[in-house]
Each structure stands twice: as structure tokens, then as C-alpha cells.
Trainee: 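To start, I am sharing the structure in question, which I have written as C-alpha cells.
Nothing here was measured: the structure is a model prediction, and the numbers come from that model. Lettering follows sequence order; numbering is per chain, from 1.
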Number of protein chains: 2
Amino acid sequence: MIDTRQNILEKNYEAMHRQGFQGVRPDKVISELGITKGAFYHYFPSKLELGYAVVDEIIGPRYTGLWKQLDYHQGHPVEGIVWCLEGIRSGMNATQCELGCPLNNLINEMAPLDEGFRKRLQAIMEAMHSAISRALQRAADKGLLNKNIDADNYAYFILAAMEGCFSVGKSMQDKGAFDAAMDALIATLREIKRESQKANGQ
Amino acid sequence: MIDTRQNILEKNYEAMHRQGFQGVRPDKVISELGITKGAFYHYFPSKLELGYAVVDEIIGPRYTGLWKQLDYHQGHPVEGIVWCLEGIRSGMNATQCELGCPLNNLINEMAPLDEGFRKRLQAIMEAMHSAISRALQRAADKGLLNKNIDADNYAYFILAAMEGCFSVGKSMQDKGAFDAAMDALIATLREIKRESQKANGQ
DNA sequence: ACTTGCACATACCAATTAGTATGTTCATCT
DNA sequence: AGATGAACATACTAATTGGTATGTGCAAGT
């Protein structure tokens, strides 16, 4: 093993993705990795701190990294958002669809149960939300978006619809349902773009 | 206690709502109820079967009951869908917002872990989906909806957006965010209704 | 050469978990 | 009156869980 700590993090991330944090059994993950408790508790003081590390070092960066790119996107901001959504979709296959969105899973499991998780997950959502909101605001400032769309509120809607696509795909265990919902979301975004152009006489 | 079985069901439903199914500790719920293991295992053979019963007898009927009313709704089918969404929203307060949607929670926790849960949750989602899809199809048949909207796919989107509102509200622990996303969803539905009317020259 | 400390391994443990096995009470039926 | 069965209560248990306490090998610094 080149980097034991990283291996522990990644295996536990996979276990959390499949079984939820409460369902993770450190003993099992340890034996799968072929290491012992000594190694595990050398790097992490407890299961809870390991969970935090998974969020901080794996889940968080993955999401914030993607949406941060919105700020540097050239062209119509709505197309930037669509580009991010397509990026997420392209990372999905049938198996990923069954397991759902790691962030969405963890929010629904842990947000009401543990303050440490909640703050971390909220920070990730807030980063995504503000990135989307800024993109919408840029569009509005350029006159590319209908004035009666509130960027902040509409960003929550986009975020909600996106996370919901995962829930639908997971419940139906059908990537077709995930894609259908995602397509409709993207179509809706392009519709408000078109309508705004018409309204502004462009 | 008038109906011990029902009390067991409801207390466990509350525990599942807060902590997830894996987080439920029958012992704890039992002692909260002031009963003993004898009573619990008299009515339910196992924790898993109790979980199934909670879905079958509490969660399922609550959701299918609401959306079934769409079939009897008079007026524009899109307004029927909005009516259902408003019904869901009216049942939410700050606490409910923190705990999220019981169905969404359970899907994200249990769908990949247990076939019995998965089938039951899928059936509930399918019932909601088909109710929404039928409403959209009725609208289309009456010429009230744009022809290029696929009822089946768009119904998945509505379902996704709705469930996503709960995830957003839960992660932000803010009913304001839930409401913002919900408002944008409703506005979007009314927008496609208006656009269809224009497109059809009404 | 000797100490120091990181990176693990081994062995043990208390509490919890999801049960089971076996009573007991009481209403109802015959 | 006696039998029967539903509706619980009590006591016990094997396995699991999330650790802790302690030991060891080995590389680096002095």
C-alpha cells in the first residue's frame, strides 16, 4: 500500500455511498483492505471523524470543483449550468444510478442527526447554490434573463431538481428515468433562456 | 393503550423519519412506548418486517392517497398538480423541513440495500409518477399542453424537482429555501401551461 | 550506537443489538 | 367449569460494534 490513509478514505467512501454512514462497519472495511484496527485508528480517532474526512476530502471537492467552473464559463450562463449538468450526467452509469448521489444520500441521512455532518454538507450545497445564483445573476445583468426571475430562489430550484433526478433514478433503479428528468430540467432551463430573449426583444 | 400495534407502527415511523431505518433501535422505541419486547415481537416477526409495515401502512397510503386525487380534479390538469404540491407544502413546518420527506429519505437509504424496501418504494413512486403522467396526458389530449412535451418524461421531472425541494430544505435547514425551490417549480409548471396556450393560439 | 517517533499489528473489552425462550394474564368459547 | 388462544411481560443470549491498550518494526536524526 502506497498511501494507507487514502485507501482507508476511499474504501470508506464507497461503503458510505452504498450503505450510508450509519451502515458503514469499520471492521468490515478494514478487513476488505487487508489492514488492521491499528492502522485505522492510527489515522482516524473515530468513525465519526473518518466520516467528516470523507466529506471534506472526497465528496466536497468533487462537487465544489465542478460548479466553481461556472465562474469561468464563456457564453450564455444558462449554457454553463447545462454544461455542469451534462458533466454530472456523463459520470453516471446504471450502477451509479442505483447508488444515487453521495451528497444527496448523506444529506438525507445525516443532516438531522449530526451537527458536524450538517455543517459540512450545508457548506457544499451553499457553494453550489451560490455558483448557480451568480451565473443566473450574470445572465440577468447582461439582459439575458427575464427580470422577474429571482436568481437566488431559482438557483435553489435548479439544485433541487438536479438532486431529485438522483432520487428518481434510484427509486426506479432506472437510468432512463434519471435521464428523462434530467432532459426535462435542461429543456426547462433552455426554455427560460428563450423566453427571456423573446421578452427582451432579441 | 388502545391499539398497541398501531402505536408501535407510528413510533417507529417517527424514529425512521428522524434516524433512518438502519438507525432505528427497536429497544429504544419499545422503552419509549413503555412496552416490552414481548409486545413488539408479538406483532412483528423482525425489525425488517416492521419497516415494511411502516411503508405499507403509513408512508405508502399517505402519498398515493394524495396524488390519486389528481384523477378527480376538475379544471386544468396542471393546476391539479399545483394543488397537490401546495398540499404537500402546507404540511411542512420548520421541523418537518429539517427531517425531510420520509419517502425520499427511505429511497436514498434503503433502495440499494434491501429488495423488499426497494419494491415497495418503487411502487409508491410509480403510483405518483403515473398519476402525474395521466394528468399531463389529459391536458395534452385537450390541447392544453405543448405537443412536444412527453408526459411520461415530464412527470419524472416534476417528481424529481419535488423530492429535490426536500433535500434542499433539509441541507439548508431552512424552510425558506424549500419554499423558494417549490415556488420556482410551481412557476415553471404555470409557465409551460401559458406557453402551451399561446402556442395553441388560445 | 542510541534514541525517538511514525506506522502499523495484536489482543482484548464493554456496550449494544436483534433477537429467542418461556412465562403469565385474561377474555371467550364450549 | 375447563380449555384455549390472544396479548403481552420477563429473562436470557450470541453476535456485533466501536473502540482501547499495548506491542513491534524500522527509518531518521544526533
Trainee: Please check if atom CZ in R89(B) has more than 12 non-hydrogen atoms from other residues, nucleotides or ligands closer than 6.0 Å.
Mentor: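 Yes.
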
Trainee: So do L103(B) and F166(B) actually touch side chain to side chain, heavy atoms under 4.5 Å?
Mentor: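 Heavy-atom side-chain distance check fails, nothing below 4.5 Å.
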
Trainee: To the nearest 0.5 Å, what is the distance between CZ (R120(A)) and OH (Y52(A))?
Mentor: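 Reported to 0.5 Å precision, the distance equals 6.0 Å.
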
Trainee: Please walk me through it: do N108(A) and N104(A) pass side chain to side chain donor-acceptor pair (under 3.5 Å)?
Mentor: CA-CA 6 Å; N108(A) 285 298; N104(A) 195 30; 3.1 Å; yes

Trainee: Would you mind reading off the distance between K47(A) atom NZ and dT16(C) atom C1', rounded to a whole angstrom?
Mentor: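 After rounding, the gap between these two atoms is 13 Å.
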
Trainee: Assuming nearest nucleotide by heavy-atom distance, tell me which of P26(A) and G38(A) is located more 5' along DNA chain D.
Mentor: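 This one resolves to P26(A).
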
Trainee: Rounded to whole angstroms, how far apart are CD1 on I8(A) and C1' on dC8(C)?
Mentor: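 Distance check: I8(A) CD1 to dC8(C) C1' gives 10 Å.
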
Trainee: Less than 4.5 Å apart, side chain to side chain, heavy atoms only: is that true for L70(B) and W83(B)?
Mentor: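 SC-SC contact between L70(B) and W83(B) ruled out.
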
Trainee: Closest to the R25(B) side chain: dT17(D), dA9(C), dA18(C)?
Mentor: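 It is dA18(C).
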
Trainee: What is the distance from CZ of F21(A) to C1' of dG18(D), rounded to the nearest Å?
Mentor: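 Rounding to the nearest Å, CZ of F21(A) and C1' of dG18(D) are 11 Å apart.
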
Trainee: To the nearest Å, how far apart are F44(B) CZ and dA7(D) P?
Mentor: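 These atoms are roughly 12 Å apart.
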
Trainee: Rounding to a whole Å, what distance do you find between H42(B):NE2 and dA7(D):P?
Mentor: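 Rounding to the nearest Å, NE2 of H42(B) and P of dA7(D) are 4 Å apart.
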
Trainee: Expressed in angstrom and rounded to an integer, what is the separation of Q6(A) atom CD from dA7(C) atom P?
Mentor: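 From Q6(A) CD to dA7(C) P: 14 Å.
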
Trainee: So what does Y43(A) hit on the nucleic acid, given a heavy-atom distance under 4.0 Å: a base, only sugar-phosphate, or nothing?
Mentor: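 Touches sugar-phosphate only.
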
Trainee: Could you state the CG-P distance from D27(B) to dT16(D), rounded to the nearest angstrom?
Mentor: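 Rounded to the whole Å, the gap is 17 Å.
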
Trainee: Less than 3.5 Å between a donor and an acceptor, one on the side chain of K37(B) and one on the base of dA18(C), is that the case here?
Mentor: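 Answer yes: a donor N or O sits under 3.5 Å from an acceptor.
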
Trainee: Of all the choices, dG19(C), dT10(D), dT20(D), which nucleotide is nearest to the side chain of Y41(A) once you look at every atom?
Mentor: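 Of dG19(C), dT10(D), dT20(D), dT20(D) is nearest to the side chain of Y41(A).
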
Trainee: Whole Å only: how far is the CG atom of D3(B) from the P atom of dA6(D)?
Mentor: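 To the nearest whole Å, that distance equals 17 Å.
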
Trainee: For dC8(C) and T4(A) - does any side-chain N or O of the residue sit under 4.0 Å from the phosphate oxygens OP1/OP2?
Mentor: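 Indeed, a polar side-chain atom of T4(A) lies that close.
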
